[in-house]
Participant: 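Here it is, the structure, as structure tokens.
Within every chain, numbering begins at 1; the chains are lettered A, B, ... in the order of the sequence lines, protein sequences first and strands thereafter.
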There are 2 protein chains.
Amino acid sequence: MNIGFASKKSGLPSKTIRYYEDIDLIKPARAANGYRNYSEQDIHSLTFLHRARDLGFSVEECRLLLSLYNDKNRSSSEVKSLALNKVATIEKKIIELTSMKEMLTRLATDCHGDNRPDCPILDEIAGEVLVS
Amino acid sequence: MNIGFASKKSGLPSKTIRYYEDIDLIKPARAANGYRNYSEQDIHSLTFLHRARDLGFSVEECRLLLSLYNDKNRSSSEVKSLALNKVATIEKKIIELTSMKEMLTRLATDCHGDNRPDCPILDEIAGEVLVS
DNA sequence: TTAATCCTTCCAGTTACTGGAAGGTCAAGG
DNA sequence: CCTTGACCTTCCAGTAACTGGAAGGATTAA
């Protein structure tokens with residue numbers, strides 16, 4: 001099947017699918033006219049990639065996951081440790097975003113938000129008084 | 001003062017300070033030898049930028065915040081709405097990350113993580129069974 | 001004088017796509 | 001048979017916000 005259909009099946013934009021080929025993630029066959037021709041297995045891989053990306057894995061991590069998926073001698077511990085590392089990274093990011101959010105919320109609460117120029121938000125960004 | 005000192009004062013790497021000049025955020029004076037020469041006011045702006053970036057504002061938003069900071073006719077409501085929009089964006093991101101984290105945690109819990117190849121994580125990424 | 005540590009500019013690379021141009025192919029309708 | 005529209009192809013450039021490194025000039029201390 002050609003790229004438009006592969007896109008619909010996998011949920012990835014055609015542009016992204018071509019990009020994945022560019023970086024050697026999936027190489028489809030070619031039809032006589034030069035069009036890409038995706039097998040069921042290819043679609044499977046594309047869907048796998050789509051889901052792994054949605055779970056927060058980088059493209060390089062997805063490459064590894066895909067190779068592990070196709071490696072019948074893999075150790076599940078390798079996959080698990082990838083997943084747990086990702087969880088840790090995500091947790092760190094959540095903590096960081098939460099603290100940013102709390103700070104901004106406090107600043108916004110302090111600001112009356114009308115047409116006058118005095119603004120605690122700017123004052124605090126400018127001043128020494130930022131407390132997280 | 002030259003860029004190394006400005007870097008120490010503002011907490012921004014010299015590279016970043018030069019980059020901010022490149023994109024017209026802050027233009028310091030130049031000494032006779034061609035070195036950048038930062039005034040106290042420049043340092044103030046750099047510190048402002050550093051903090052606003054840390055709060056999650058994009059560089060373009062920082063440009064706007066800096067211009068508002070220097071605009072004595074500003075309305076505080078404009079600043080407040082920037083802050084509240086940012087809070088909303090951050091909240092969305094946190095929700096997204098939290099759902100990724102929960103999913104990965106569940107997958108990792110289901111995986112025994114030893115030297116055998118069978119792995120529920122890969123199975124679920126590959127299969128139709130992803131439930132968020 | 002020389003070595004270390006600044007500073008300068010400029011070019012390239014990062015991540016993961018996305019947009020767009022220029023042009024080939026295919027299926028359907030008139 | 002021709003045209004039109006929707007596909008497909010490749011290639012080039014741009015995004016965000018830096019970061020690294022090369023090549024070379026300036027300053028300072030020993």
Side-chain angles (χ1 to χ4, degrees), chain A residues 1-39 42-43 45-66 86 89-90 93 96-97 100, chain B residues 1-39 42-43 45-46 48-66 85-86 89-90 93 96-97 100:
Chain A
M1 79 196 78
N2 58 23
I3 200 169
F5 201 56
S7 166
K8 251 168 226 147
K9 283 276 202 175
S10 66
L12 291 169
S14 302
K15 275 279 187 187
T16 302
I17 297 178
R18 287 195 199 95
Y19 170 69
Y20 286 170
E21 182 177 350
D22 242 43
I23 61 172
D24 298 316
L25 274 181
I26 28 95
K27 284 201 185 304
R30 292 291 178 136
N33 59 10
Y35 285 17
R36 288 170 179 82
N37 195 354
Y38 292 90
S39 68
D42 291 334
I43 301 300
S45 295
L46 288 172
T47 307
F48 183 98
L49 289 170
H50 188 183
R51 294 205 178 134
R53 291 287 296 120
D54 276 358
L55 283 171
F57 290 104
S58 73
V59 166
E60 285 316 304
E61 286 163 340
C62 288
R63 187 193 303 279
L64 178 53
L65 285 171
L66 198 53
K86 187 54 55 181
T89 307
I90 292 172
K93 190 73 191 170
E96 192 185 323
L97 288 174
M100 286 174 6
Chain B
M1 76 196 81
N2 59 24
I3 199 168
F5 201 54
S7 166
K8 250 169 227 147
K9 283 276 202 172
S10 67
L12 291 169
S14 301
K15 275 280 189 189
T16 301
I17 297 178
R18 287 196 199 94
Y19 170 68
Y20 285 171
E21 182 177 350
D22 242 43
I23 60 173
D24 297 315
L25 273 181
I26 29 93
K27 283 198 184 308
R30 293 290 179 137
N33 58 9
Y35 286 17
R36 287 170 179 81
N37 195 355
Y38 293 89
S39 67
D42 290 333
I43 301 300
S45 295
L46 289 171
F48 183 98
L49 289 170
H50 188 185
R51 293 201 180 140
R53 292 286 297 120
D54 276 358
L55 282 172
F57 291 104
S58 72
V59 166
E60 285 316 304
E61 286 163 339
C62 287
R63 187 193 302 279
L64 178 52
L65 285 171
L66 198 54
N85 276 344
K86 188 53 56 181
T89 307
I90 292 172
K93 190 73 191 171
E96 192 186 323
L97 289 174
M100 286 173 8

Participant: Please walk me through it: do A:E21 and A:I17 pass side-chain contact (heavy atoms from CB on, under 4.5 Å)?
Facilitator: CA-CA 6 Å; A:E21 182 177 350; A:I17 297 178; over 6 Å; no

Participant: What is the distance from CG of A:D54 to C1' of C:dA16, rounded to the nearest Å?
Facilitator: 13 Å

Participant: Under 4.0 Å between any heavy atoms, over every strand shown, what does B:I23 touch: base, sugar-phosphate, or nothing? Just pick one.
Facilitator: nothing

Participant: Which nucleotide in the list D:dA26, C:dG24, C:dG20 gets nearest to the side chain of B:Y35?
Facilitator: D:dA26

Participant: What does B:S58 touch in the nucleic acid at a heavy-atom separation under 4.0 angstrom: a base, only the sugar-phosphate, or nothing?
Facilitator: sugar-phosphate

Participant: Thinking salt bridges, do A:K93 and A:E96 make one under a 4.0 Å N-O criterion?
Facilitator: yes

Participant: Closer than 4.0 angstrom, basic N to acidic O: yes or no for B:R63 and B:E60?
Facilitator: yes

Participant: What nucleotide, of D:dG20, C:dT18, D:dA17, holds the atom closest to the side chain of B:K15?
Facilitator: D:dG20

Participant: Rounded off to whole Å, could you give me the CD1-to-P distance for the B:I17 and D:dA17 pair?
Facilitator: 17 Å

Participant: Look at the side-chain N and O atoms of B:N33 and state whether any lies under 4.0 Å from the OP1 or OP2 oxygen of D:dA26.
Facilitator: no

Participant: Write down the distance between CG (B:D22) and P (D:dA16), rounded to a whole number of angstrom.
Facilitator: 15 Å

Participant: So, is A:T16 close to the C:dT18 phosphate, meaning a side-chain N or O under 4.0 Å from OP1 or OP2?
Facilitator: yes

Participant: Taking the side chain of B:Y19 as its heavy atoms from C-beta onward, which of C:dA16, D:dC18, C:dT18 lies nearest to it?
Facilitator: D:dC18

Participant: On the nucleotide C:dT9, are OP1 or OP2 found under 4.0 Å from the side-chain N or O atoms that B:R30 carries?
Facilitator: yes

Participant: If each of A:R53 and B:S14 is mapped to the nucleotide of DNA chain C with the nearest heavy atom, which maps nearer the 5' terminus, i.e. the 5' end?
Facilitator: B:S14

Participant: Measure from CG on B:L25 to P on D:dA16 and round the result to the nearest Å.
Facilitator: 13 Å

Participant: Take atom CG of A:L12 and atom P of C:dA16, then tell me their distance rounded to the nearest Å.
Facilitator: 14 Å

Participant: Indicate whether OP1 or OP2 belonging to C:dC17 is found under 4.0 Å from a side-chain N or O atom of A:Y20.
Facilitator: yes

Participant: Report yes if a side-chain nitrogen or oxygen of A:R18 is closer than 4.0 Å to either non-bridging phosphate oxygen (OP1 or OP2) of C:dA16; otherwise report no.
Facilitator: no

Participant: Test your reading of the model: is there a side-chain donor-acceptor pair from B:N37 to the backbone of B:R30, 3.5 Å cut-off?
Facilitator: no

Participant: Between B:L12 and B:Y20, which heavy-atom pair has the shortest distance, and what is it?
Facilitator: CD1-CE1, 3.8 Å

Participant: Report the distance from atom CE of B:M1 to atom P of C:dC7, rounded to the nearest whole Å.
Facilitator: 13 Å

Participant: Please report the distance, rounded to the nearest Å, between CD in B:E61 and P in D:dA16.
Facilitator: 11 Å

Participant: In whole angstrom, give the distance that lies between atom CZ of B:F57 and atom C1' of D:dA17.
Facilitator: 17 Å

